[in-house]
Amino acid sequence: MGDRAEKLAAAYQAARTTLPVLEQHAATTDHSSEFPVKAVDELRAAGLMGLLVPVEHGGAGGDLGDLVAVAGLLATKCVSTALIWAMHCQQVDCVVRFGPERLCADLLPRIAAGDVYLASVTTEAGKGGYLFSSEAPVVSAGDMLAIDRQAPIVTGGKHADGFLITMRESPDADERRVTLCYADRDQLTVETTGTWDTLGMRGTASAGMRLRGQVPAHQVVGEPGGFRAVAAESMIPAGHLGWSAVWLGAARAVLSDVLTMMRAQGTDKVPDLTADRLARARIDVELVASYLAAVRDEVRAHRRAGTSLSAMPTQIHLNNLKVAASELTFRAVDGLMQVAGLTKGYRRDSPIPVERVFRDLRSAALNYSNDRITTATGTLSLLDRVVTLAPADLM
Ligand SMILES: Cc1cc2nc3c(=O)[nH]c(=O)nc-3n(C[C@H](O)[C@H](O)[C@H](O)COP(=O)(O)OP(=O)(O)OC[C@H]3O[C@@H](n4cnc5c(N)ncnc54)[C@H](O)[C@@H]3O)c2cc1C
C-alpha cells in the first residue's frame, strides 16, 4: 500500500511536470493535425502510461479516480494529448481487468515502462460507431487467430505500439458475438487507409487503417465472443469517466483563461450580460464536475465491493455522464467565446485557446454518438421507475 501511495504521488507530480511540454506543442499539433509525439514521449518518460498498471507489474496501481484526476490536469494544456492518454488508459484498464495472466505478464510491464501506447479499434466501416457488434471475424488457424480489420478511426494509430481490436467471434458467429483481441504492432501489417483532417481534436491523428496479421489465442481479452462484459465493466466506465474528465479540464481551463484575461485588463465590474454569461459557464462546469465526482465514486464503490457495473442505474449514470459532460462543457466554452469576443475568443491567434478548445469540444457529442447513448438510456430508464440517483446518499 505504501509503495502504491508513493508511486501515485510521484505520478501526480510527474503529470504536473509534463504540462509545459503539452502546452508548448498544443498549437502546432492542432495546426499540423499531427500526433503530438513530443508530448506523448513526455508522458511515456514520466511513467504515466502505466498509471493504471498494478504495482506488481511495475505500474503506479492507480484506479479510475486517478485517471479522472490526471486526465483533467493534462486537458488544461492540450485536449488532444489528454484524450490520447485517457483512451490509452481505457484500453489498459480492459487488459488489467480481463487480460489472461500470460498476456498481462508480458504486456503490462512494457506499458508501465512507457514502451507501449495502446490504441483502440472498435469503429468499423459497415456498422459505424456501434460498440456491441463487429463484422470482420477472427479466423482460427491452429493456435493462432487471423485478423483482417478495417478501422476507419484509430486515435494515434500510426504511432501505436499495440491495438485492442473488436472482432466477430468467428466467421459463423452472429455479429453481436464480439471478441476483443490484443495485437502487438509487430504482429500486424499496418496500412493507413484514410486521413484525419477534422474541425477539432486534430492532434489525435485518428486516421483510418487496415490491420492484418495473426495473434496467439492467449491474446483474447475477456471470453471469446464475450466483449459485452469487458465493455460494461471496463471499456465504457473507463471511457466515459476519462473522456468527461478531459472535456471538463479543457472547459475549466478556458473559463480560467477568460477570467484571468478580464482581470488583467483591469475588469473588476462587468456588464450584467457578461456577468450572466460567466455565471452560466461556471454553472455548467460545476455541474459536470459534481456529476463526474458522483459517478466516479459510484464506480469506485462497485469495484471495491467487487460488484458489477452492469447494474441498470450505474449504466444509466455512466451514459448520462458522457452526454451531460459533452454537451455542457461545449456549451460553457461556446458562451465564453461570446464573452471573449472576436479578438480574444474567435481568432486563432488569440493568446488564449478559446477557439481551439471550442473546436475540440465539438467532437465530444460525436465521440461515440450521443444519439446512440440517449436512445439506449431512454429505454433503460423504463426499467428504473424509482429513478435511482448517482449520489447514493442524496435521498
Ligand atoms: C476524437 C475522436 C477520436 C476517436 N477515436 C477512435 C478510436 O481510437 N477508435 C475507434 O474505433 N473509434 C474512434 N472514434 C470514433 C467514435 O468512437 C465514434 O464511433 C464515431 O465518431 C461515430 O461515428 P459517426 O458520427 O459516424 O456515428 P455513428 O455512431 O456511426 O452513427 C452514424 C449516424 O447515425 C446516427 N445514429 C446512430 N444511432 C442512432 C440512434 N440509435 N438513434 C438516432 N440516431 C442514431 C448518429 O447520430 C449519426 O448521425 C473517435 C472519434 C473521435 C471524434
Side-chain angles (χ1 to χ4, degrees), residues 29-30 33-36 40 71 75 78-92 94 117-136 147 149-167 175 178 180-183 190 192-211 227 230-231 235-236 238-240 242-244 246-247 250 319 322-323 325-327 329-330 356-381:
T29 286
D30 174 59
S33 206
E34 277 171 17
F35 189 78
V40 172
C78 178
V79 191
S80 283
T81 306
L83 191 78
I84 288 164
W85 179 82
M87 287 180 64
H88 160 84
C89 290
Q90 181 190 11
Q91 312 311 305
V92 173
C94 294
Y117 159 59
L118 264 185
S120 161
V121 178
T122 60
T123 306
E124 196 168 7
K127 55 106 186 180
Y130 186 56
L131 190 61
F132 299 109
S133 69
S134 193
E135 291 177 0
I147 292 171
R149 178 69 150 77
Q150 295 284 355
I153 311 175
V154 187
T155 288
K158 212 170 142 188
H159 299 266
D161 309 291
F163 300 83
L164 272 190
I165 310 166
T166 55
M167 301 286 299
E175 288 185 353
V178 177
L180 186 65
C181 295
Y182 172 74
V190 178
T192 303
T193 56
T195 55
W196 180 254
D197 187 5
T198 51
L199 180 72
M201 300 310 293
R202 292 167 61 79
T204 64
S206 307
M209 327 199 81
R210 183 176 177 188
L211 307 171
F227 170 65
V230 184
M235 192 176 276
I236 294 172
H240 290 194
W243 304 344
S244 299
V246 167
W247 302 327
N319 283 354
K322 193 273 166 182
V323 172
S326 61
E327 292 182 355
T329 56
F330 178 68
R356 187 178 74 233
V357 175
F358 174 87
R359 287 186 287 104
D360 286 341
L361 290 186
R362 184 59 188 86
S363 75
L366 303 172
N367 191 356
Y368 205 78
S369 173
N370 279 4
D371 299 342
R372 287 196 189 276
I373 296 178
T374 53
T375 46
T377 306
T379 307
L380 284 175
S381 296

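Whatever order the structure lists ligands and atoms in, that order sets their numbers, starting from 1. Atom set for the values below is all heavy atoms of this structure, side chains included, hydrogens, waters and symmetry mates excluded.
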#### Entry: Heteroatom proximity flag, T155 to ligand 1, N/O under 3.5 Å
yes
### Task
Decide whether S80 and T204 meet the rule of one side-chain donor and one side-chain acceptor closer than 3.5 Å.
no
#### Entry: Test salt bridge (charged side-chain N to carboxylate O under 4.0 Å, His left out) applied to R210 - qualifying residues, sequence neighbours left out
D148
### Message
Using a 3.5 Å cut-off on N or O atoms only, is T204 in polar contact with ligand 1?
### Response
no
### Message
I need the nearest protein heavy-atom contact for atom 42 (N) of ligand 1: residue, atom name and distance, please.
### Response
T375 CG2, 3.5 Å
### Query
Between E175 and E135, is there a donor-acceptor pair closer than 3.5 Å when you use the side chain of the first and the backbone of the second?
no
### Flag: protein heavy atom within less than 4.0 Å of atom 10 (C) of ligand 1
yes
### N367 backbone acceptor or donor facing K322 side chain under 3.5 Å
yes
### Distance-only donor-acceptor check, side chains T166 and R149, under 3.5 Å
yes
### Message
With side-chain contact (heavy atoms from CB on, under 4.5 Å) as the criterion, how do V323 and T377 come out once you've worked through the C-alpha distance, each side chain's angles and the decisive distance to 0.1 Å?
### Response
CA-CA 10 Å; V323 172; T377 306; 6.0 Å; no
#### Entry: Exercise check, heavy-atom protein proximity under 4.0 Å to atom 49 (O) of ligand 1
no
### Summary
For G128, the atoms of ligand 1 under 4.0 Å from one of its heavy atoms are 30 (O)
### Task
Identify the protein heavy atom lying closest to atom 32 (C) of ligand 1, giving its residue, its atom name and the separation to 0.1 Å.
R372 NH2, 4.5 Å
### Task
Tell me which protein heavy atom sits closest to atom 36 (N) of ligand 1, plus the residue, atom name and distance to 0.1 Å.
D371 CB, 4.3 Å
### Task
Take the angle between the ring planes of W247 and W243 and call it parallel below 30°, perpendicular above 60°, tilted in between.
tilted
### atom 28 (P) of ligand 1 touched by protein (heavy atom, under 4.0 Å)
yes
### Message
Check whether S206 reaches the backbone of W196 with its side chain - one donor and one acceptor, N or O, closer than 3.5 Å.
### Response
no
### Task
Specify whether F330 and F358 have parallel, tilted or perpendicular ring planes, treating 30° as the upper limit for parallel and 60° as the lower limit for perpendicular.
tilted
### Message
Can a donor-acceptor pair be found, under 3.5 Å and without considering hydrogens, that links the side chain of T379 to the backbone of T375?
### Response
yes
### Message
For atom 34 (O) of ligand 1, is there a protein heavy atom at a distance under 4.0 Å?
### Response
no
### Query
Which protein heavy atom lies closest to atom 53 (C) of ligand 1, and at what distance to 0.1 Å?
N367 CB, 3.9 Å
### Query
Looking only at distance, does T123 have an N or O less than 3.5 Å from an N or O of ligand 1?
yes
### Query
Closest non-hydrogen protein atom to atom 46 (C) of ligand 1, residue and atom name please, with distance?
S369 OG, 3.6 Å
### Query
Which atoms of ligand 1 sit under 4.0 Å from any heavy atom of G129?
19 (O), 28 (P), 29 (O), 30 (O)
### Task
Would you check the N or O atoms of T122, main chain and side chain alike, for any that come under 3.5 Å of an N or O of ligand 1?
yes
### Message
For ligand 1 and M87, I'd like to know whether there is a polar contact (N/O to N/O, distance under 3.5 Å).
### Response
no
### Query
For ligand 1, which atoms, with element, lie under 4.0 Å from some heavy atom of S120?
7 (C), 8 (O), 9 (N), 10 (C), 11 (O)
### Message
Quiz question for you: does at least one protein heavy atom lie closer than 4.0 Å to atom 23 (O) of ligand 1?
### Response
no
#### Entry: Donor-acceptor under 3.5 Å (K158 side chain, A205 main chain)
no
#### Entry: Sub-4.0 Å atoms of ligand 1 with respect to non-hydrogen atoms of S206
3 (C)
### Query
Which residue and non-hydrogen atom of the protein lie closest to atom 14 (N) of ligand 1, and at what distance in Å?
I153 CG2, 3.5 Å
### Query
So do the side chains of R202 and R356 get within less than 4.5 Å of each other, counting heavy atoms only?
no
### Message
Let's go through S134 and E124 carefully: what are the C-alpha distance in whole Å and the side-chain angles of both, what is the deciding distance for side chain to side chain donor-acceptor pair (under 3.5 Å) to 0.1 Å, and is it a yes or a no?
### Response
CA-CA 7 Å; S134 193; E124 196 168 7; 3.1 Å; yes
### Message
Please list, in number order, the atoms of ligand 1 under 4.0 Å from a heavy atom of M201.
### Response
1 (C)
### Non-neighbouring partners of F163 that pass ring-ring contact (aromatic ring centres under 6.0 Å, His included), sequence neighbours left out
none
### Message
Give me the nearest non-hydrogen protein atom to atom 20 (C) of ligand 1 as residue plus atom name, then the distance to 0.1 Å.
### Response
L366 O, 3.8 Å
### Task
State if A119 counts as touching ligand 1 under the rule of any non-hydrogen atom under 4.0 Å.
no
#### Entry: Nearest neighbour in protein (non-hydrogen) for atom 18 (C) of ligand 1
Y368 N, 3.7 Å
